[in-house]
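Below is one structure; the comments refer to it alone.
In the text below, chain A, chain B and the rest are named by the order of the sequence lines, each starting its count at 1. Because only heavy atoms are used, hydrogens play no part in the values below, and waters and symmetry mates are left out as well, while side chains stay in.
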Protein chains: 2
Amino acid sequence: MDTIKKLIKDKGQRFTSQKKEILCALQQKPQTVLEIYKAVNSKKNSMDKTTVYRILTNFLDLGIVNKVQLNDKEARFELSNRKHHHHLVCEDCGNIENIQLPEDTLLKVVKKKSDFKIKSHSLEFFGVCKHCQ
Amino acid sequence: MDTIKKLIKDKGQRFTSQKKEILCALQQKPQTVLEIYKAVNSKKNSMDKTTVYRILTNFLDLGIVNKVQLNDKEARFELSNRKHHHHLVCEDCGNIENIQLPEDTLLKVVKKKSDFKIKSHSLEFFGVCKHCQ
DNA sequence: TGACTTATTGCAATTTATTTGCAATAATAA
DNA sequence: TTATTATTGCAAATAAATTGCAATAAGTCA
């Protein structure tokens, strides 16, 4: 939290109560804007949805959060200070789990096969979680 | 094309000129609804955007097309009768290339590591293409 | 071929997701 | 404590996707 606060202030930006709230609401699990909005407004607080959008865009610029696009149209956000990982999305209950995978070999193959300078990648799995099977 | 026509008719659905047009417009490269809409309307034809949406949804149900969600919010569609592949997306010019990768080992690790019954996955790479480097 | 049935289309209007403009507010520095 | 200005909330605009419904046309059968 303090690292993030410093990061924000070093950019000449302000560490507002709204930003703090959103940071608290963000779990590892990627959440939609609406979910984050509901989470912060479930307490005594009230925050406009526009503010949620703006803060998340700002956090994205600063590298504090990652944007995760799953199969639905709503974007999702998660804190970026976790280890690099991928997602397992349950098509029944919508639950999302993180998973870490060895992917060095795969990335090497891509580098060999293509002229692209790869900067990032996303790897998402869709299926049915244990609970829904 | 005939396989697809049969698939449609076997479901008691009609093989309309609009569906034919959209099939022609679909390349391997995943396109947005707007791109497909423009492609079909560039000729003498005129087709409503709603129709494009509806036909693509229908094709998705029948498994004729795949939905591809990249980092932007607009969904993309591509014919599903190609070999399974992944995408290289240039962040500069927006160009999208297909790439085929050996992924058996990766999928095996996922199965070993998780309780999920994996049904599909998406693997997208973002970077800079040769031309833009 | 022509008439009939009904899936499909086009158009207008909605809904949903996201963005923008601007005055009021509040975080920080002096 | 005051001044500066980044940020917020609200209303309105834009963009993406969906829905209702009457008109159209694909396929069927006489």
Side-chain angles (χ1 to χ4, degrees), chain A residues 1-2 4-25 30-41 43-62 64-65 67-77 94, chain B residues 1-2 4-25 30-41 43-62 64-65 67-77 94:
Chain A
M1 178 70 101
D2 279 341
I4 294 176
K5 183 171 179 178
K6 190 173 180 308
L7 185 67
I8 291 170
K9 306 212 73 180
D10 283 354
K11 292 271 175 181
Q13 300 177 353
R14 292 169 186 179
F15 191 67
T16 61
S17 63
Q18 287 85 344
K19 288 180 186 175
K20 206 186 296 180
E21 283 292 329
I22 288 186
L23 282 174
C24 290
Q31 292 178 94
T32 65
V33 170
L34 193 63
E35 284 166 351
I36 296 166
Y37 170 74
K38 278 181 183 166
V40 289
N41 281 309
K43 308 187 209 167
K44 58 182 177 310
N45 311 293
S46 97
M47 194 190 308
D48 195 79
K49 212 182 283 179
T50 306
T51 305
V52 180
Y53 272 104
R54 265 189 294 225
I55 289 176
L56 286 170
T57 307
N58 177 239
F59 282 2
L60 205 55
D61 288 344
L62 298 179
I64 296 168
V65 297
K67 193 177 182 182
V68 180
Q69 268 290 358
L70 301 181
N71 254 340
D72 44 11
K73 60 189 164 206
E74 285 174 86
R76 286 162 196 274
F77 297 86
Chain B
M1 176 72 100
D2 279 340
I4 293 176
K5 184 171 178 180
K6 190 173 181 309
L7 186 67
I8 291 170
K9 306 211 72 179
D10 283 354
K11 292 272 176 182
Q13 298 178 355
R14 291 171 187 179
F15 192 67
T16 62
S17 64
Q18 287 87 345
K19 288 179 187 175
K20 207 186 294 182
E21 282 292 330
I22 288 186
L23 282 175
C24 290
Q31 292 178 96
T32 65
V33 169
L34 193 63
E35 284 165 351
I36 297 166
Y37 170 73
K38 279 181 184 165
V40 290
N41 281 310
K43 308 187 208 170
K44 57 183 179 306
N45 312 292
S46 97
M47 194 189 310
D48 196 81
K49 211 181 284 178
T50 307
T51 305
V52 181
Y53 273 107
R54 265 189 295 224
I55 289 176
L56 287 169
T57 308
N58 177 238
F59 282 2
L60 205 56
D61 287 345
L62 299 179
I64 295 168
V65 297
K67 194 177 182 182
V68 181
Q69 268 290 358
L70 300 180
N71 254 342
D72 44 11
K73 60 190 165 206
E74 284 174 85
R76 286 162 196 273
F77 298 86

If you compare every side-chain N and O of B:K73 against the phosphate oxygens of C:dA17 (OP1, OP2), does one of them come in below 4.0 Å? no

Give a yes/no answer on whether the side chain of A:K9 brings an N or O atom under 4.0 Å of OP1 or OP2 in C:dT28. yes

To the nearest angstrom, the CG-C1' distance between B:D48 and D:dT24 comes to 14 Å

Comparing nearest nucleotides in DNA chain D, the 5'-proximal residue of the pair A:M47, B:Q18 is A:M47

To the nearest 0.5 Å, atom CG of B:L56 lies from atom OH of B:Y37 at 13.5 Å

Closest to the 5' end of DNA chain C, once A:T57 and B:Q13 are matched to their nearest nucleotides, is B:Q13

From the candidates C:dA17, C:dT9, D:dT19, the one with an atom nearest any side-chain atom of A:E74 is C:dA17

Answer yes or no: side-chain N or O of A:R14 and base N or O of D:dT5 forming a donor-acceptor pair under 3.5 Å. yes

Rounded to whole Å, NZ of B:K5 lies from P of D:dA26 at a distance of 11 Å

Whole-Å distance, B:R54 CZ to D:dA16 P, equals 19 Å

Taken to the nearest whole Å, NZ/B:K20 to P/C:dT8 is 15 Å

Of all heavy-atom pairs linking A:I64 and A:L23, the shortest is CG2-CD2, 4.0 Å

Heavy atoms of A:S46 and A:N41 approach each other most closely as CA-OD1, 2.9 Å

Whole-Å distance, B:Y37 OH to C:dT9 C1', equals 14 Å

Between CG of B:D72 and C1' of D:dA16 the distance, given in whole Å, is 12 Å

Sugar-phosphate only, base, or nothing, as touched by B:K19 at under 4.0 Å among non-hydrogen atoms | sugar-phosphate

Check: Quick one: does B:K19's side chain have a donor or acceptor within less than 3.5 Å of a partner on B:R14's backbone?
Finding: yes

Separation of C:dT8 atom P from B:N58 atom CG, nearest Å, is 6 Å

Please state whether the phosphate of D:dT8, meaning OP1 or OP2, lies under 4.0 angstrom from any side-chain nitrogen or oxygen of A:T16. yes

In whole angstroms, the gap separating P of D:dA17 from CG of B:L34 amounts to 10 Å

Check your understanding: Is the side chain of B:E21 donor-acceptor paired with the backbone N or O of B:M47 at a distance under 3.5 Å, no angle test?
Key -> no

Exercise. Please determine if a side-chain N or O atom of B:Y53 lies less than 4.0 Å away from the OP1 or OP2 oxygen of D:dA17.
Key: yes

- Side-chain N,O (B:T51) to OP1/OP2 (C:dG10) below 4.0 Å: yes

